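For reference, the structure discussed in these notes is given below.
Each chain gets a letter, A, B and so on, in the order the sequences are listed, and its residues count up from 1. A quick note: this is a predicted structure, and the numbers were derived from the prediction, not measured.
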Protein chains: 2
Amino acid sequence: MTRPTSRDVATAAGVSQATVSLVLGDKWRGRVSERTAGLVREAATTLGYRPNLAARNLRLGSTRTALLVVPALTNEFFARVYTGAARIAAEHGFGVVLYPSPEGTGPARDPFASARAALDGVIASSMAAHALDAIGDAELPLVMLDSDPTATRAAAHVNLAMADGMRQVTEHLLALGHRRVLHLASAVDSWTFDIRAEALAALLGPHAELRTVRAPLTVADAHTAMEAVLAAPGSRPTAVVCDDDILAAGACKAARRLGLRVPEDLSVTGFDDLALATAVEPELTTVHLPAERVGEQGMSALLAVLDGAPWTAPDLPVDLIVRASTGLAPA
Amino acid sequence: MTRPTSRDVATAAGVSQATVSLVLGDKWRGRVSERTAGLVREAATTLGYRPNLAARNLRLGSTRTALLVVPALTNEFFARVYTGAARIAAEHGFGVVLYPSPEGTGPARDPFASARAALDGVIASSMAAHALDAIGDAELPLVMLDSDPTATRAAAHVNLAMADGMRQVTEHLLALGHRRVLHLASAVDSWTFDIRAEALAALLGPHAELRTVRAPLTVADAHTAMEAVLAAPGSRPTAVVCDDDILAAGACKAARRLGLRVPEDLSVTGFDDLALATAVEPELTTVHLPAERVGEQGMSALLAVLDGAPWTAPDLPVDLIVRASTGLAPA
DNA sequence: CGTCCGACGTTATACGTATTACTAGATGGG
DNA sequence: CCCATCTAGTAATACGTATAACGTCGGACG
């Protein structure tokens, strides 16, 4: 009771294995009669034939499979990137396998061995720092997500207009009268975060006082970092710009714990527009990032590169969504 | 400039391809001299040799790859299940590829074709209802997560002690004096949710009044459903038991919008203990589910089944975590 | 009437690996 | 001195598929 092969189908249909392959591969225009093609298909279904992917991949020398390298799937943003990439891939008969680069801990395993499959290409987020050097030495086509276009040898880049997002945030806060701003930045070293920091500093610099505090990307860490800031003596910031909704949620909690109202006493902005942004009270003013689109474009770019076509696209637009966590600066 | 094969390594090292395979496969104890083994390894690294996984899989007739079928990765619970499964898999030289069953929309694609790889087994969540029948007809070893052990032909089951979780919730609320309880249940039809509903009704039945409202698993849906309940005339519930932290977050928002304080006026409990549970204010009293353990056990079970060993384990324990969203029933 | 051609298939082969047999030389015991 | 045993490798093969190259058999056409 082993799995039927194309040869089994062939004998069942009374034809040769090659004919089976032609029919099932849809390459029989004018090479096989309609009648025998029907016989083959019938035999295949009654036997429950499924082609052996390993054999096919070996023969074709390509697996129609891409590796997506992300820092962690528990981050909703990357789960959505995967979703987008997988959708486009499916439309083209491709698959996507994940390599969630393990957080430093443990021996740095081989992303390619762990994929357990020959790969046609790689899509990597610049935030998956741990895995990037291991990927560098591979000869595979590479698409980078959210990374410095001048710094890597990737075949294509997919970037978000992060600086523009920061511009929208800044203008929003300035219009509300805020002049003392805290940047609650990510502790992760990554190009996307650097871009935001630079943009914020440049845009806000002439008009307002800016301070920066960094925290790991968890609610609890943001909470403690923010509590320290708010409890310190001296003039408090009236607005806090966060690199991530997760940080913003922590900032809001810290404010509440210290008896400050959001947004009456303190305005808070996030980034990403995760489900979290509308789960907390007040709902977060944040910058919506089209995460699925990032995945879609990444996969599209890889497909283009595999076809030998050049690929380039403008940065994906991002949009400030004003909700309830920002308001007029307190007098 | 094509990828080097084991034969290329062989000629570079001045040995036969078989020897290369033996050395690199660590099967050369007493069959190859230490010196030539060194030569082979050296040649392999200088050439940058990587074995062709497709060829290996074809030869071995096994891919050391499992398919994980889940409803959606954007649900943090399943992202964590994946993480756990992937960790155990990696420890055994296995890989995990995902099939996030698409939500009804679109043509029901073939999970196995989309996996783009030959598979050794399948781990499926009962919540991925859309894909389950497609999986049924495959001859692959199957491990079911959170499903009725009497209803499927799975080789192994991994379940959580959901009924016990509900017991803990119920006792906690009864001890706080609650006698009018609302069950905010998931609109998804799934065994795990049925189990909870039954347990809650049975445990609470004699001691308190119970009403049930169902809502899709989003904060917004829970919000509107809950608002309808709280705004309706008649006696309000004093506690709401939610099937999921997402629903609980929506319930809290609804309460707050209507001017009710949590937990002084209304107690709310969740389920899952997602990051969301500690991101909202007040932090949610909820039932912690060991999501990573579910993935780990699922993968361990599959590995055991593949070894021909029987596998069975008690339900994974779950723990009520009392935080700030529950309190004494109002007088 | 010879030949050419289209329709319908088949035969043979290669993809890169792991593994089973086999070989050739050296060593040692009786 | 001869056979058994061990060491250090090699030759050959199969996994299941896709496809290039090759028949074969009528009928049409010059």
**Study point:** Separation between CG of B:Leu67 and CG of B:Leu98, rounded to the nearest 0.5 Å
**Key:** 8.0 Å
Check your understanding: When you check the side-chain N and O atoms of A:Asp146 and A:Ser126, is any donor under 3.5 Å from an acceptor?
Key -> no
Review point. What residues, two or more places apart in sequence or in another chain, satisfy salt bridge (Lys or Arg N to Asp or Glu O under 4.0 Å) together with A:Arg29?
Key: A:Asp26
Point to revise | Any pair counted as salt bridge (Lys or Arg N to Asp or Glu O under 4.0 Å), so long as it reaches residues 72-82 of chain A, sequence neighbours left out | key: A:Glu76-A:Arg80, A:Arg80-A:Glu292
Check your understanding: B:Ser21 side chain: which of C:dA18, C:dT10, D:dT17 is closest?
Key -> C:dA18
Check your understanding: Rounded to the nearest Å, what distance is computed from the CG atom of residue B:Leu60 to the P atom of nucleotide C:dA18?
Key -> 6 Å
Practice item. Between A:Ala37 and A:Arg7, name the one whose nearest nucleotide on DNA chain C is closer to the 5' end. Key: A:Ala37
Exercise for review: Remember a base hit wins even if backbone is also touched, and classify A:Leu58 as base, sugar-phosphate or nothing at under 4.0 Å, heavy atoms.
Suggested key: base
Review point. Taking the side chain of B:Ala55 as its heavy atoms from C-beta onward, which of C:dT19, C:dG16, C:dT10 lies nearest to it?
Key: C:dG16
Exercise for review: Give A:Thr19 one of three labels, base, sugar-phosphate or nothing, depending on what nucleic acid heavy atoms sit under 4.0 Å from its own.
Suggested key: base
Point to revise | Distance in angstrom units between B:Arg56 CZ and D:dG16 P, rounded | key: 18 Å
Review point. Should A:Ser6 be listed as having a side-chain N or O under 4.0 Å from OP1 or OP2 of D:dG16?
Key: no
Review point. Between C:dT17, D:dT17, C:dT10, which nucleotide has the shortest distance from any of its atoms to the side chain of A:Ser16?
Key: C:dT10
Study note, to complete from the structure: Within residues 27-36 of chain B, those residues having any heavy atom closer than 4.0 Å to DNA chain D are B:Arg31, B:Val32, B:Ser33, B:Thr36
Review point. Checking B:Thr46 side chain against B:Glu42 main chain: does a donor-acceptor pair fall under 3.5 Å?
Key: yes
Exercise for review: Measure from the side-chain heavy atoms of B:Ala18 and tell me the nearest of D:dA11, C:dT17, D:dT19.
Suggested key: D:dA11
Exercise for review: Please state how far atom CG in A:Leu22 lies from atom C1' in D:dA21, giving the value in whole angstrom units.
Suggested key: 13 Å
Check your understanding: B:Gln17 side chain: which of C:dG16, C:dA18, D:dT17 is closest?
Key -> C:dA18
Point to revise | Flag for B:Ser62-B:Asp120: side-chain donor and acceptor within less than 3.5 Å | key: yes
Practice item. Round to the nearest Å and state the distance from A:Arg64 atom CZ to D:dT17 atom P. Key: 18 Å
Review point. In terms of side-chain heavy atoms of A:Asn52, which of D:dT17, C:dT17, C:dT10 is nearest?
Key: D:dT17
Check your understanding: Hey, does the side chain of A:Ser300 reach the backbone of A:Glu296 with a donor-acceptor pair shorter than 3.5 angstrom?
Key -> yes
Check your understanding: Nearest-Å distance, CZ (A:Arg50) to P (D:dG16)?
Key -> 17 Å
